[in-house]
Amino acid sequence: MAKKLTPWSIVSTVVVLVLAGFAVADARDTETTGKARASLTVMAPAAAGGGWDLVAREAQQSLRKNKLVSTVQVSNVPGAAGTIGLSQLARMQGQPNILMVTGTVMLGGIARGSEFSLGKTTPIARLAEDFQVVAVPAGSPYRTLDDFLKAWKAEPGAIPVGGGSAGGVDHLVAGQLAKAVGIPGSAVKYTPHSGGGELTISLLSTAAGTVNIGVSGYNDFRDMIDSGKLRALAVVAPERLAGVNIPTMSELGYPEVDLVNWRGLVAAPGIAESDRAELTAIVTEMVATSEWRAAVTRNRWKENFLTGADFEKFIAEEQTAITALLKELGLA
């Protein structure tokens, strides 16, 4: 004889079935989508304190504050214009919850002989443009850019120029400036540093072997410029940065010195389309937050968001252009 169901047994059965349904749904989410929402790593392929690190940490703060992902951490992998980080990412086949910051600097490193390219990654989004500054210590005899250029042109080998990785955007800006005043690229004595922090220390040091003029992102020099310890001679930007009294290269008569440093995010190769869509959605939501917009304003970036096939095309065109520029300037 069939057992009579009591009200309590009916309720218990319903609860069990509902919970089982939730468990199946959770398992399905874990297996297909939501991996990046649960735990995300943002790799900065440079030392702490530089421009890529700044982008990674601003992204981390925006994602955390708005609870777009459950946990997000920043990982620093410095070296070789970001190509050491690139080589690590290229080996993370199918890993759905890591993003790496990239940009113009990495394209230069790739052009100088890396076995890996951004074609070995999954492009997610271009975020913003960052702008380079030429600066000297406060006690430098170079009061203006033309003061420096006059001395540099007279004896280029005697005046080392400091910047980030060889072949990166700082090196390219130095090469463009040398070309503008008739100095061959081969005559430029360029001293690479692991990041803006190390370059700033070198500029402020009186020890032998340090540099007395540097090229780096505005944010790498910002605090020292504001405190008066460094003097900015020029900014490589289409117009003056908001609230910053630094003349542009065009204002000073060198419009051909125009290289812009863009920042973007790429993911590991071989990820599922659903995972790529999820990462793109996370980044799209991030750039719409008030925290990210405040970071863009605070860091004097220029937002230029781009995703999908358009971003892939942009990367390919930029790589071709940067490779050609390195060869033209005699830097590759």
Report, as yes or no, whether the 6.0 Å neighbourhood of atom CD on Glu303 holds more than 12 heavy atoms from other residues, nucleotides or ligands. yes
When you measure from the side chain of Arg64 to the backbone of Thr71, do you find a donor-acceptor pair of N or O atoms at a distance under 3.5 Å? no
Non-hydrogen side-chain atoms of Val136 and Phe148 separated by less than 4.5 Å: no
Using the ring-ring contact (aromatic ring centres under 6.0 Å, His included) rule, pick out the option among Phe131, Tyr218, Trp292 that qualifies with Trp301. Trp292
Check step by step if salt bridge (Lys or Arg N to Asp or Glu O under 4.0 Å) holds for Arg37 and Glu278. CA-CA 8 Å; Arg37 295 281 184 183; Glu278 184 77 340; 3.0 Å; yes
Sequence neighbours excluded, which residues qualify as ring pair (Phe, Tyr, Trp, His ring centres under 6.0 Å) partners of Phe314? Trp262
All pairs passing side-chain hydrogen bond (donor to acceptor under 3.5 Å, both in side chains) where residues 78-89 contributes a residue, at least two apart: none
Asp310 side chain to Leu306 main-chain N or O, any donor-acceptor pair under 3.5 Å? no
Taking side chain to side chain contact (heavy atoms under 4.5 Å, CB included) as the criterion, tell me which of Asn76, Val101, Val77 meets it with Trp52. Val101
Would you mind reporting whether Val283 and Glu285 have side-chain heavy atoms less than 4.5 Å apart? no
Is it the case that the side chain of Thr121 and the backbone of Val266 share a donor-acceptor pair, with hydrogens and angles ignored and the cut-off at 3.5 Å? no
For Asn212 against Pro160, the heavy-atom pair lying closest together: OD1-O, 4.2 Å
Minimum heavy-atom distance Asp146-Tyr254, with the two atoms named: OD1-OH, 2.8 Å
Under 3.5 Å: donor-acceptor pair, side chain of Asn219, backbone of Asn299: yes
Under 3.5 Å, side chain of His193 to main-chain N/O of Glu198, donor-acceptor pair present? no
Any side-chain to backbone donor/acceptor pair from Arg231 onto Tyr142? Under 3.5 Å, distance only. yes
Please check: side-chain N/O of Thr104 versus main-chain N/O of Val260, any donor-acceptor pairing under 3.5 Å? yes
Reported OG-to-CD1 distance for the pair Ser62 and Ile282, which is rounded to 0.5 angstrom: 13.5 Å
Taking every non-hydrogen atom, the tightest pair across Ile246 and Ala234: CG2-C, 3.6 Å
Asn304 side chain to Ala128 main-chain N or O, any donor-acceptor pair under 3.5 Å? yes
Would Arg240 and Glu251 count as a salt bridge (Lys or Arg N to Asp or Glu O under 4.0 Å) here? Give the steps. CA-CA 9 Å; Arg240 290 199 181 202; Glu251 284 179 62; 2.9 Å; yes
Would you say the side chain of Ser140 lies within less than 4.5 Å of the side chain of Pro137, judging by non-hydrogen atoms? yes
Restricting to non-hydrogen atoms, name the atom on Ala178 and the atom on Val188 that form the minimum distance, rounded to 0.1 Å. CB-CG2, 3.6 Å
What is the distance from atom CG of Leu99 to atom OG1 of Thr102, rounded to the nearest 0.5 Å? 12.0 Å
Heavy-atom pair with the smallest gap, counting every atom of Gly157 and Lys189: O-CD, 3.4 Å
Is Val134 close to Ile213 at the side-chain level, that is, under 4.5 Å between some pair of heavy atoms? yes
Closest non-hydrogen contact found for Asp170 with Gly217 is OD1-N, 4.5 Å
Are any side-chain N or O atoms of Ser39 and backbone N or O atoms of Ser70, one a donor and one an acceptor, separated by less than 3.5 Å? no
What is the distance from atom CD of Glu317 to atom CD1 of Ile322, rounded to the nearest 0.5 Å? 12.5 Å
Just wondering, do Gln73 and Val42 contact through their side chains at under 4.5 Å, heavy atoms? no
Check whether Thr323 reaches the backbone of Gln319 with its side chain - one donor and one acceptor, N or O, closer than 3.5 Å. yes
Would Arg298 and Glu58 pass as an ion pair if we require N to O under 4.0 Å? yes
ring-ring contact (aromatic ring centres under 6.0 Å, His included) contacts in which one or both residues fall within residues 66-104, not counting sequence neighbours: none
Rounded to the nearest 0.5 Å, what separates atom CE in Met43 from atom CG in Leu86? 8.5 Å
Determine whether Pro123 and Arg276 make a side-chain contact, defined as any pair of heavy atoms from C-beta on separated by less than 4.5 Å. yes
Do Val105 and Asn261 come within less than 4.5 Å of each other through their side chains, counting heavy atoms only? yes
Short N-O contact, Arg57 and Asp53, less than 4.0 angstrom: yes
Do His171 and Ser165 have side chains that approach each other closer than 4.5 Å (heavy atoms only, starting at C-beta)? no
Rounded to the nearest 0.5 Å, how far apart are CH2 of Trp152 and CD1 of Ile159? 9.0 Å
